[in-house]
Amino acid sequence: MSDAHVYPVKPETAAQAYIDRTTYHALYQRALAEPDAFWAEQAERFLDWEQRWHTVSDYDFESAHIRWFDGGKLNVSVNCLDRHLDKRGDQVAIIWEGDNPAHDKKITYRELYEEVCRFANVLKTRGVGKGDRVCIYLPMIAEAAAVMLACARIGAVHSVVFGGFSAEALKDRILDCGGKFVVCADEGYRGGKVVPLKANVDKAAKHCPMLEKIIVIQNTGGKIGWQEGRDLWYHETMAAASADCPPEPMDAEDPLFILYTSGSTGKPKGMLHTTGGYLIYAAITHKYVFDYHDGDVYWCTADIGWVTGHSYVVYGPLCNGATTLMFEGVPTYPGPDRFWQVVDKHKVNIFYTAPTAIRALMAQGDRYVNQTSRQSLRILGSVGEPINPEAWEWYYHVVGGGTRPILDTWWQTETGGIMITPLPGATDLKPGSATLPFFGIKPEILDTNGQILEGAAEGSLIIARSWPGQARTIYGDHKLYIDTYFSKAPGFYYSGDGAKRDADGYYWITGRIDDVLNVSGHRLGTAEIESALVLHESVAEAAVVGYPHNIKGQGIYAYVTLNTGVEPTEQLRKELDELVRKEIGPIAHPDIIQWAPSLPKTRSGKIMRRILRKVAAGELDNLGDTSTLADPSVVQNIIEHRVVKG
Ligand code: 6R9
């Protein structure tokens, strides 16, 4: 671990970076010693306020009462747009690159500002106001960013739903947040295929009585269903709207957005982020982690349906007046050199993607990378799941030519922004380690007895104090918020991830320690997938676990027990696969379904997932203690019928 290969900071990187090693340590110490003074300074440096706060921080991890910059007033869209207009009105804010390589466009800060103001008026004149929820179900088109910012401008709370989620999953999210409007596209493009977004909204809308209007962006021009009175065309409403829309002054603690994420319970949780603290944290991490300098072209490949898209495609970069690239497509379309073609085409300096994409491209061979220049690149980032050292080395040597730092950034939907990460000019790198905490973040390692461990250690990753970007609650269920994150280690934020800390104080994230899977960087609860499977009339019981998968990181392995008398067939396997796609979305479909006459259980009836995980991973001679099993022969059957794939 600590003797892993070390890549020291390159002097030329340190020379031009905002933060060098000495500055990192000094600021890190200062942020812990005088947190309120440190964050007040950042709040002034990074944001424009309409009214100053009276209290910098006020939090209590027992009741999960978390407030930052109380009394302060500001508007997120003003910070991302209006204040840049004098200096950067004609600077490109968004470079949009289509799924089809022939499609792209550039949108300046002034153009984006006008689009946002117009759409804010569209919403406002139709009765959307402060605190109302607006669901966004869009592909990666530039309008998506404009719609998010338009909500922020009038104080509406957006809830972006990933375009790859099914109608069923969309319905659950609209219902949970009480969405009044949905903004969608007719269809989306991804990897040359068409995604039927409006058709999914139509299905979802049947079960959502509170839904008043559906605003549709014409994207593909495909044929869609239409309900007069309820459905409106974006372009028609925009044509009639004024580009003058005074921003709603928001309290620092007013909600900005809700974003659903999977936990170990069956139902996704709506993480609620607020205005001031979130924006400061997104902006400061964007600037220092990626060492963003004026004029840089910055590209984060995440979809806006995930938190990475919120903080590092839209809010962080735009708050800093950056040029941010939005990509509609996938890494391998039309060919496996697409990422690097886009890098060369738009002269991208900073590139931020996920390990699953890196592994998928690595599997295609070096020639797709080598046939591009990539000279513009200065910094390479990684997020979403642990990056295995092999993929790290490939990213570093083949993509980066051995000269660009790799930033392995650990964080979560709940944290709002990057928590543990190298800084380009300050941190020596170790492949596979997220390295050191960001300013103001105090990670600790907890053992299974609830003891905080010192020095080199392994256990649960917890965080000792609040930071401005932290989520404030689970929408509609504060008790679940407390139970999930603040009761397992009283006085700390409990992340749900395991980690090792080495002798140099470097953190190595080992993955989830709860029943959450990380499949291609997407968080999925095993309970959600199980609930989908048991909806089938032939299924008695299902248990889902993860197993190591070369490209996806984790694959989905489902053990399914059928009702007595039902024969397992290929047809049934297909139906179950379809069912999960329909209930959640294609990302959640099982890679493997194993028919299990029964599941290993304790005498009290609890499924022993530990054993199922071992069998799925092929660790058969290492099943651990099986003495508490009600019927040991069940395990034998499961081992004999193990399915090997991926
Ligand atoms: C930003 C994001 C969060 C979970 C998190 C962890 C995993 C994210 C990681 C990482 C190891 C990294 N994760 N980044 N694991 N190294 N650099 O991905 O948010 O979708 O909420 O997922 O992803 O397990 O708990 P989210």
Side-chain angles (χ1 to χ4, degrees), residues 160-162 164-165 257-264 268-273 278 281-282 285-286 289 300-316 352-359 380-389 391-392 395 406-422 427 429-438 441 443 460-463 469-471 474 484-485 493-501 506-526 528 546 552-554 587-588:
V160 181
V161 179
F162 174 55
F165 278 127
F257 67 84
I258 297 167
L259 184 60
Y260 288 84
T261 190
S262 297
S264 36
K269 305 176 288 220
M271 303 309 312
L272 183 90
H273 282 281
Y278 169 80
Y281 201 72
T285 48
H286 172 260
V289 174
C300 166
T301 68
D303 193 284
I304 49 137
W306 310 113
V307 74
T308 308
H310 283 60
S311 301
Y312 300 112
V313 174
V314 180
Y315 289 120
Y352 189 29
T353 195
T356 185
I358 298 166
R359 286 191 298 265
L380 300 172
S382 170
V383 61
E385 53 179 315
I387 176 162
N388 46 310
W392 195 104
Y395 198 21
I406 306 287
L407 311 176
D408 176 3
T409 64
W410 174 83
W411 60 294
Q412 308 175 299
T413 306
E414 294 85 339
T415 71
I418 295 168
M419 301 286 280
I420 301 183
T421 179
T427 320
L429 306 171
K430 298 185 192 181
S433 171
T435 77
L436 300 173
F438 191 74
I441 306 305
S460 307
L461 180 64
I462 58 174
I463 311 289
Q470 185 169 26
I474 292 172
T484 312
Y485 303 105
Y493 166 76
Y494 182 87
S495 72
D497 277 314
K500 298 178 196 171
R501 185 174 49 218
Y506 274 44
Y507 289 86
W508 302 71
I509 312 299
T510 52
R512 302 291 307 191
I513 46 184
D514 51 11
D515 290 321
V516 173
L517 305 183
N518 195 320
V519 180
S520 301
H522 303 322
R523 258 170 88 165
L524 293 166
T526 53
E528 284 166 65
K552 299 180 177 184
Q554 272 189 308
I587 51 174

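Order of appearance sets the numbers: ligands from 1, and atoms from 1 within every ligand. Just so it is clear, the values below take in all heavy atoms, side chains as well, and ignore hydrogens, waters and symmetry mates.
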Could you walk me through whether Gln470 and Thr415 satisfy the side-chain hydrogen bond (donor to acceptor under 3.5 Å, both in side chains) test, starting with their C-alpha distance in whole Å, then the side-chain angles of each, then the deciding distance to 0.1 Å, before giving a yes or no? CA-CA 5 Å; Gln470 185 169 26; Thr415 71; over 6 Å; no
Residue and atom name of the nearest protein heavy atom (relative to atom 2 (C) of ligand 1), distance in Å to one decimal: Trp411 O, 3.7 Å
Which residue and non-hydrogen atom of the protein lie closest to atom 22 (O) of ligand 1, and at what distance in Å? Arg523 CD, 3.1 Å
Where does Asn518 meet ligand 1, judged by heavy-atom distances below 4.0 Å: at the side chain, the backbone, both, or neither? side chain
Could you tell me, atom by atom, which parts of ligand 1 come under 4.0 Å of a heavy atom of Val383? 1 (C)
Applying a strict 4.0 Å limit to heavy atoms, is Trp306 in contact with ligand 1? no
Could you walk me through whether Trp410 and Tyr507 pass the ring-ring contact (aromatic ring centres under 6.0 Å, His included) check? CA-CA 10 Å; Trp410 174 83; Tyr507 289 86; 8.9 Å; no
In ligand 1, the atoms that come under 4.0 Å of a heavy atom of Asp408 are 12 (C), 16 (N), 17 (N)
Should Arg523 and Glu414 be marked as a salt bridge (Lys or Arg N to Asp or Glu O under 4.0 Å) after you check the CA-CA gap, both sets of side-chain angles, and the distance that decides it? CA-CA 12 Å; Arg523 258 170 88 165; Glu414 294 85 339; 3.0 Å; yes
Between Glu414 and ligand 1, is there a nitrogen or oxygen pair with a distance under 3.5 Å? no
Apply the test side-chain contact (heavy atoms from CB on, under 4.5 Å) to residues Ile474 and Met271: give CA-CA distance (whole Å), side-chain angles for both, the deciding distance (0.1 Å), then the verdict. CA-CA 5 Å; Ile474 292 172; Met271 303 309 312; 4.1 Å; yes
Set of residues satisfying ring pair (Phe, Tyr, Trp, His ring centres under 6.0 Å) with respect to Tyr485, sequence neighbours excluded: Tyr481, Tyr493
Holding to ring pair (Phe, Tyr, Trp, His ring centres under 6.0 Å), I want the full list of residues that pass it with Tyr260, two or more places apart in sequence or in another chain. none
For ligand 1, which atoms, with element, lie under 4.0 Å from some heavy atom of Thr308? 1 (C)
Any non-hydrogen atom of Gly384 lying under 4.0 Å from ligand 1? yes
For Thr409 and Thr421, which I'm curious about, is there any donor-acceptor pair between the side chains at under 3.5 Å? no
Would you tell me whether Gln412 and Ser495 have side-chain atoms, one donor and one acceptor, within less than 3.5 Å of each other? no
In this structure, is the centre-to-centre distance between the rings of Tyr312 and Trp411 below 6.0 Å? yes
Is the contact between Thr409 and ligand 1 made by the side chain, the backbone, both, or neither, using heavy atoms and a 4.0 Å cut-off? backbone
Looking at atom 21 (O) of ligand 1, what's its closest protein heavy atom, distance included? Thr413 OG1, 2.5 Å
Just jot down the ligand 1 atoms closer than 4.0 angstrom to any heavy atom of Val307, in number order. 1 (C), 19 (O)
Quick one: nearest non-hydrogen protein atom to atom 11 (C) of ligand 1, plus distance? Pro386 N, 3.1 Å
In terms of residue, atom name and distance, what is the protein heavy atom nearest to atom 25 (O) of ligand 1? Asp497 OD2, 2.5 Å
Would the distance check show the side chain of Thr526 and the main-chain N or O of Asp515 forming a donor-acceptor pair, the cut-off being under 3.5 Å? yes
For atom 12 (C) of ligand 1, what is the closest protein heavy atom, and at what distance to 0.1 Å? Glu385 O, 3.5 Å
